[in-house]
Amino acid sequence: MKQLLTAVLTIVLFPIQVLASTYGAEILYDHSSVKFFPDGRKIRREERAVKILDKQGIKDFGEIVIPFSSEHQKLKILYAYTVLPDGKIVKPDKKAFNIVYPPFVSEAPIYSDLKYQTISMPAVTKGAVIKYAFELETVKPYMKDQFWSTNYFQDKYPVKEATFKAYIPENKYYRYKEYNTTEKPEIKKENGYIILSWKLTDVPPIEREPSMPPMGELAKKVVITSLKNWDQVARWYSDLAREALEPDETIVETVKKITAGKKTQEEKIRAIYNFVAQNIRYVGMEFGINGYKPHKATEVLKSRYGDCKDHATLLIAMLKVIGVKGYPVLIPTLSAPNMDPEVPVPTAFNHEIAAIKTENGFLYMDTTSDNTPFTYLPAGDQGRRVLVVDVEEEKGIVSETPVAPPEKNVEGFEGEFKLSPFGKLTGNFKFIYKGVYSSFERSRLLSSTPDSIKRHVDELASRISPGFDVEKFALSNYRDLNVPDVWIEVDGEDMNYGTLTSHFLLAKFPAPDYSRIVSLVASKERKYPYVVGYMMSKKSNVELKLPKGFELYLRPENFYFKNRVGSLEIRWEVDGRTLRFSSKMVLNKNVVPPEEYRDLRELFNTTVKTLRNQIVVLKKKSGG
């Protein structure tokens, strides 16, 4: 009997222990509903019960945070309490309820009406159940007579039961779309409303992986909207932005100063872009509940700071002065689900940039990145579906931002070295950064002190040879956005580079092996796509002067490797005592699907291993 009881307890307790060690909490139920009104108002209700399984669960749910707009919404807490393992109910006292501002609001309080309702839940311990409910009423619709809503059924925690009900006025147009689930709603009519009801049970958690797509792109969810097309979104945003886009005399005079001496229209556009990128401090706030309306361009110029909408607004207003038509561009960055052209909702976007028309289509510009040169886009803006807003015509154009090809994003290396008969290495070499790599390196240098730059250069040199002594170095003009590429040039020596034996001189070839990329693919398999964010090339061209009295014992061989995501090529050339080496690794995908992750892993690991194993073996000449 004791053995049987032990077996039963093992079966019952083991899943609980596994759940606790893995997830920290379990959502017992998540019951949500939204009631839409014809004028665009809505009331959302949410009820949740969460069982705490360990310390991580206590950390994650000990403080409940509910965001809301003080201008557009009214929040009502219906109840909140903790049920202890013995069944006792503990309610939070008045001091546990607080309304606070998000951290960024203290930096620029005029930029947000977003607030957080926090509830410090009492007596949260292992085995306790937290229960809370609230109603969030949108009393001032963002768009008159229109509504939309997104409901998530899935979380990073397991969910035993998730329900969602949507009450839609019978006379209103609507559409809905489910994502990552085949569950369909039960539909009925009642009291002048169409009621859509979904119910999902035993919803698995979304497991965290490095460089995974945003949770919103993977989660089981449903989106409901009353909008018929993207022109409605464009018309709405045009009304919000039209006045703000008008340049005043201050802007006109500023543009004249910025563009003085510039002869071509491109030079003028570049000068305006650089001014906004480098002189308007970016206050990073996403689109969403905190508001969509940009501030007037003249206010942004005067205050010298702004969020993404304000950056785009000022840029477009300044372009207007030189006769160039600019377009606001609503965009979801890589941190948000990509826009679905079939489901028009303003909440599809978390960022705004600008665009102008060229012979080759739209040229997109994001001045919130002060380290990204004109004609370049930050990695997070690339390959995204966007809404280009023609404010004058009140129309929207659904488009897609380009993804820079591998040859545009280059981490390069060039070097000329000399190896002495005793193994001393001297050389002049240059690290070269193009595309997204130039933005990364420029950002690093701009935020560094002279001492930290010196340490950075020493670290770069050590990648070529541990213990390499940097005698001097030079930097490109990284502060000038008109110089798109960034480079660091180094001169120095390593007294003990090669290993000398009685007959041989052995040395690793002096070129980077990019070893850090192997840590990106340490896992053997993946469940979700790998979001690299950009295509890339890693190129090296190196010349090594061999010492007198030695000859190549083993002639290096060329190498070529290719799979579904990229390639690696290594080539050698021997010219007397000069040994020339070139390598090129190419990754031709910015997002790698799970079924091709092994190819990515193979490409990165093959690259590092192959480059690391390039050894020069020299033999003393007879009589030498």
Side-chain angles (χ1 to χ4, degrees), residues 371-373 375-379 382 403-417 425 427-446 453 456-465 468 470 472-492 508-518 520 532-544 558-561 565-573 578-590 603-604 606-612 614:
N371 51 56
T372 301
T375 74
Y376 288 61
L377 269 182
Q382 296 184 27
V403 177
E407 57 268 23
K408 294 290 187 180
N409 299 320
V410 180
E411 185 176 9
F413 180 80
E414 295 176 356
E416 294 183 357
F417 295 91
L425 181 75
N428 166 271
F429 50 94
K430 184 183 287 187
F431 296 90
I432 304 165
Y433 305 95
K434 300 175 182 286
V436 295
Y437 289 109
S438 72
S439 295
F440 299 156
E441 194 64 21
R442 181 178 282 106
S443 177
R444 180 202 295 270
L445 295 173
L446 285 171
I453 289 177
H456 175 52
V457 174
D458 288 339
E459 191 271 331
L460 287 175
S462 71
R463 295 179 188 177
I464 306 305
S465 174
F468 192 93
V470 177
K472 62 179 181 178
F473 68 90
L475 306 176
S476 63
N477 188 4
Y478 60 88
R479 296 183 183 278
D480 188 353
L481 285 181
N482 292 320
V483 181
D485 299 342
V486 176
W487 52 258
I488 299 174
E489 186 173 5
V490 178
D491 283 277
K508 177 187 176 296
F509 198 81
D513 58 23
Y514 307 107
S515 57
R516 67 188 183 280
I517 63 175
V518 297
L520 304 178
V532 182
Y534 50 92
M535 301 182 193
M536 69 177 75
S537 295
K538 297 185 183 295
K539 299 180 180 180
S540 294
N541 288 285
V542 184
E543 225 177 63
L544 177 64
N558 297 337
F559 177 84
Y560 185 73
F561 167 84
V565 301
S567 62
L568 170 66
E569 182 176 19
I570 292 175
R571 299 189 67 83
W572 292 93
E573 180 184 331
T578 300
L579 185 59
R580 295 188 180 91
F581 164 88
S582 67
S583 69
K584 181 180 179 182
M585 187 213 80
V586 174
L587 175 65
N588 55 32
K589 294 193 175 182
N590 63 328
L603 174 64
F604 282 5
T606 298
T607 296
V608 174
K609 290 176 182 177
T610 305
L611 293 175
R612 186 177 287 172
Q614 300 304 309

Main-chain N/O of [Y] paired with [X] side-chain donor or acceptor, under 3.5 Å:
X      : Y      : value
Ser537 : Pro406 : yes
Arg612 : Asp513 : no
Thr606 : Leu603 : no
Asn409 : Met535 : yes
Ser443 : Ser439 : no

Rounded to the nearest 0.5 Å, what's the gap from [atom1] on [X] to [atom2] on [Y]? Could you check?
X      : Y      : atom1 : atom2 : result
Thr607 : Lys538 : OG1   : NZ    : 9.5 Å
Tyr560 : Leu568 : OH    : CG    : 9.5 Å
Leu611 : Ser515 : CG    : OG    : 10.0 Å
Arg516 : Phe604 : CZ    : CZ    : 10.0 Å
Asn428 : Phe473 : CG    : CZ    : 14.0 Å
Ile464 : Leu425 : CD1   : CG    : 10.0 Å

### Query
Between Arg444 and Glu459, is there a salt bridge with N-O shorter than 4.0 Å?
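A salt bridge is absent here (no side-chain N lies under 4.0 Å from a carboxylate O).
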### Query
So, Glu569 and Arg571, do they make that salt bridge, N to O below 4.0 Å?
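Arg571 and Glu569: salt-bridged.
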Any side-chain heavy atom of [X] within less than 4.5 Å of one from [Y]?
X      : Y      : answer
Gln614 : Ile570 : yes
Asn482 : Asn477 : no
Tyr437 : Met536 : yes
Glu411 : Glu441 : no
Val483 : Tyr478 : no
Pro484 : Tyr376 : yes
Leu587 : Val565 : yes
Met585 : Tyr514 : no

### Single hit among Phe429, Phe509, Trp487 for ring-ring contact (aromatic ring centres under 6.0 Å, His included) with Phe413
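Option passing the ring-ring contact (aromatic ring centres under 6.0 Å, His included) with Phe413: Phe429.
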### Task
Report the C-alpha distance between Ile432 and Val410 in whole Å, list the side-chain angles of each, state the deciding distance to 0.1 Å, and finish with yes or no for side-chain contact (heavy atoms from CB on, under 4.5 Å).
CA-CA 8 Å; Ile432 304 165; Val410 180; over 6 Å; no
### Query
Do the ring centers of Phe440 and Tyr534 come within less than 6.0 Å of each other?
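Yes, close enough.
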### Task
Determine the minimum heavy-atom distance between Arg442 and Asp480, stating which atoms define it.
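For Arg442 and Asp480, the tightest heavy-atom pair comes out as NH2-O, 4.0 Å.
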### Message
side-chain contact (heavy atoms from CB on, under 4.5 Å), that's the test. Do Leu460 and Ile488 meet it? Break it down for me.
### Response
CA-CA 9 Å; Leu460 287 175; Ile488 299 174; 3.7 Å; yes
### Message
Take a 6.0 Å sphere around NZ of Lys430 and say whether it holds more than 12 heavy atoms from other residues, nucleotides or ligands.
### Response
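Enclosed.
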### Query
Do other residues, nucleotides or ligands put more than 12 heavy atoms under 6.0 Å from Lys589 NZ?
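Yes.
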### Query
Could you go step by step and tell me if Lys609 and Val518 meet the side-chain contact (heavy atoms from CB on, under 4.5 Å) rule?
CA-CA 9 Å; Lys609 290 176 182 177; Val518 297; over 6 Å; no
### Query
Among Glu414, Glu416, Glu543, whose salt bridge (charged side-chain N to carboxylate O under 4.0 Å, His left out) with Arg580 holds?
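Single salt bridge (charged side-chain N to carboxylate O under 4.0 Å, His left out) partner of Arg580 among Glu414, Glu416, Glu543: Glu543.
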